Enquirer: 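Below is one structure. I have some questions about it.
Remember, it's a predicted structure, so these values are computed and weren't measured experimentally.
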Amino acid sequence: MTGADPYVPGHGDLRYEVLHHDLTLTYALPSNRLEGEAVLLCRAAVQLSQVRLDLQLKPSKVTVSGRPVRRFRSGRGSLTVDLPGPVAAGTEFIVAVRYAGNPRPISMRGMDPAGWEELEDGVIVASQPHGAPSWFPCNDRPSSKSTYALTFTTAADYHVEFSGEPVSARRRGATRTWTFRQDEAIPAYLATVQIGRYRVVDQPAVVPLRVVGPADIRPNGFSASFGLQPQMMAFFVAAFGPYPFSTYTAVITDDDLEIPLESAALSTFGRNVATGDWDNVRLVAHEMAHQWFGNAVTAERWSDIWLHEGFACYAEWLWSEESGGRSAQEWAGHHHAVLAGQSQPQPLVDPTPALMFEDWVYKRGALTLHAVRAEVGDDVFLEVLRSWVARHRGGTVTTPLFEAHCAAVSGRDLGDLFTAWLRKRSLPPLPQAAPGRIRVP
């Protein structure tokens, strides 16, 4: 099989959906040994005689709806299970997999490794876009979303976080068992586990908000970066609509990290981000904004990654306006000038797998939104963003769907604007939006 998305070949299967993952895992830090059982509630999209899961670790036992399966094959990152009998389209069935191994990041040609990675003293899981199978069986495509329950046991002196709501943490001798749930459906790449010698800082905010990190993190520029999260959250809720998850957690690792990464209801940063420099403050805002754009409303295919990154980048500029820094128009001018000095390698709607996370995708995506704002005005622009999230929360979207949405909300034909910004390589002229701060309710 070639997979569900040409950007991540060999991953994902369009013939079925996973509706829920129930993961029970035990992890030994010194040996990097992960053992567990995953119970997947699935639904067939077509009649099935077998099901293929993405999984890098070694399975030892498989059952389907409680019946042991004798024939299953694993290797090259997948687990293929022969079903006991045909499963009709629309039918739900349960696949349970026991598995174990030493998880590690997954390499893919033309992309950075992604997935489960050992830190100096702990673990970080950064699965975007192909790393989820490094630690659990899944249907690894952004267009398949499921809810999650996680039970995770490890050494008692380590703190565990998951991309969901914490339920309990119970110690038994030298180990502690953590339980979490994620009731909002998310794609597999947005499920993460973070492990470290961390402490929790609760922040009063419009939604439950926490920072989890080393005990000594607060003196190092914390108030000028992560200390602003309550204000950021209040502004984004006003601008984009209700926060789409039940909690938000920022994990700060004890290691420096080159880039932060969002996952559902949780973002992960290196301790190097805990400074008041704008280049770090903007990253705190960027990852939080992904909870709306990317995590709640998710691109159906990776070629539309600008629907995640362009929106989160523009949220940086809006936060700059709100907090008394440069206006979005000033940031647009700055980055337009930078892009104007570069050649455009690909159209924004299909940047290619090798370039999908390049900076020009982020900045040209943000400039596209700025052009929409300039064309329709601030009030309509905010309504575009809020209604986009409200209508597609928990679902997947495409660029043509966003174009149609903008036309419907604004009552204008924006076809030429989107053709210029999304489908041509040449950079359109700098859009001129209203100067100054956007007014939110």
Enquirer: Please enumerate all residues that pass side chain to side chain donor-acceptor pair (under 3.5 Å) together with Q346, with sequence neighbours excluded.
Expert: none
Enquirer: Begin with the C-alpha distance, continue with both residues' side-chain angles, and end with the deciding distance and a verdict on salt bridge (Lys or Arg N to Asp or Glu O under 4.0 Å) for E321 and R373.
Expert: CA-CA 14 Å; E321 283 186 350; R373 178 184 172 187; 3.3 Å; yes
Enquirer: Any chance the side chains of H159 and E161 put a donor and an acceptor closer than 3.5 Å?
Expert: yes
Enquirer: Give a yes-or-no answer on whether the side chains of T268 and Q194 include a donor-acceptor pair shorter than 3.5 Å.
Expert: yes
Enquirer: I'd like to know if R393 pairs up with E184 as an ion pair, taking the criterion as any Lys NZ or Arg NE/NH1/NH2 lying under 4.0 Å from an Asp or Glu carboxylate oxygen.
Expert: yes
Enquirer: Would you say the ring centroid of Y243 lies under 6.0 angstrom from that of W292?
Expert: yes
Enquirer: Return the set of residues passing side chain to side chain donor-acceptor pair (under 3.5 Å) with E309 (not counting sequence neighbours), or none when no residue passes.
Expert: H286, H290
Enquirer: Look only at the side chain of T396 and the backbone of A299, and say whether a donor-acceptor pair between them is shorter than 3.5 Å.
Expert: no
Enquirer: If only atom types and distance count, is the side chain of N272 paired as donor or acceptor with the main-chain N or O of E258 below 3.5 Å?
Expert: no
Enquirer: Taking the six-membered ring for Trp, are the ring centroids of F240 and F311 within less than 6.0 Å of each other?
Expert: no
Enquirer: Taking only Lys NZ, Arg NE, NH1 and NH2, and the carboxylate oxygens of Asp or Glu, determine whether E300 and K145 approach each other closer than 4.0 Å.
Expert: no
Enquirer: Any carboxylate oxygen within less than 4.0 angstrom of a Lys/Arg side-chain nitrogen, looking at R210 and E165?
Expert: no
Enquirer: Quick one, T147 with D183, criterion side-chain hydrogen bond (donor to acceptor under 3.5 Å, both in side chains). Give me CA distance, side-chain angles, the key distance, then yes/no.
Expert: CA-CA 5 Å; T147 55; D183 295 332; over 6 Å; no
Enquirer: Would you please indicate if the ring centroids of F402 and W388 are separated by under 6.0 Å?
Expert: yes
Enquirer: Would you say the rings of Y314 and H370 are close, in the sense that their centroids are separated by under 6.0 Å?
Expert: yes
Enquirer: Donor-acceptor check, side chain of H405 to backbone of V384, threshold 3.5 angstrom: yes or no?
Expert: yes
Enquirer: Looking only at the aromatic ring of each residue, does the gap between the centers of Y189 and W302 stay below 6.0 angstrom?
Expert: yes
Enquirer: Mind jotting down which residue pairs meet the salt bridge (charged side-chain N to carboxylate O under 4.0 Å, His left out) criterion with at least one end in residues 93-122? Sequence neighbours excluded, please.
Expert: D121-R197
Enquirer: Run the side-chain hydrogen bond (donor to acceptor under 3.5 Å, both in side chains) check on Q344 and R364 step by step: do they pass?
Expert: CA-CA 10 Å; Q344 182 77 56; R364 182 155 179 163; 2.7 Å; yes
Enquirer: Can we call the ring centroids of W278 and W319 under 6.0 Å apart?
Expert: no
Enquirer: Looking at R326, is its backbone amide N or carbonyl O close enough to the side chain of S320 to form a donor-acceptor pair, meaning the two atoms are under 3.5 Å apart?
Expert: yes
Enquirer: Does atom CZ of R70 have more than 12 heavy-atom neighbours from other groups under 6.0 Å away?
Expert: no
Enquirer: Ring centroid separation for F269 and F226, is it under 6.0 angstrom?
Expert: yes
Enquirer: Just so I know, are the side chains of Y16 and V46 near enough to count as touching, which here means a heavy-atom distance under 4.5 Å?
Expert: no
Enquirer: Between R271 and D254, is the closest basic N to carboxylate O distance under 4.0 Å?
Expert: yes
Enquirer: Within this structure, what is the CG-SG distance for the pair L55 and C138, rounded to the nearest 0.5 Å?
Expert: 8.0 Å
Enquirer: Tell me whether the centres of the aromatic rings in H20 and Y148 are closer together than 6.0 Å.
Expert: no
Enquirer: So, the side chain of H130 versus the backbone of I106: is there a donor-acceptor pair under 3.5 Å, distance only?
Expert: yes
Enquirer: Counting only heavy atoms not in R71, do more than 12 sit closer than 6.0 Å to its CZ atom?
Expert: no
Enquirer: Indicate, with yes or no, if the rings of F293 and W306 have centres closer together than 6.0 Å.
Expert: no
Enquirer: For the residue pair Y7 / D350, report whether a side-chain donor-acceptor contact shorter than 3.5 Å exists.
Expert: yes
Enquirer: Taking E262's backbone N and O only, do any of them form a donor-acceptor pair with E287's side chain (distance below 3.5 Å, no angle check)?
Expert: yes
Enquirer: So does E17 pair up with R141, basic N to acidic O under 4.0 Å?
Expert: yes
Enquirer: Whether the side chain of T175 engages the backbone of T153 through a donor-acceptor N/O pair (distance < 3.5 Å, no angle test) should be reported.
Expert: no
Enquirer: Can you find a side-chain donor-acceptor pair between N280 and S225 that sits under 3.5 Å?
Expert: no
Enquirer: Checking side-chain polar atoms at under 3.5 Å, does S168 have a donor or acceptor matched by the opposite partner on T179?
Expert: yes
Enquirer: With a 4.0 Å cut-off, would you call D82 and R73 a salt bridge?
Expert: yes
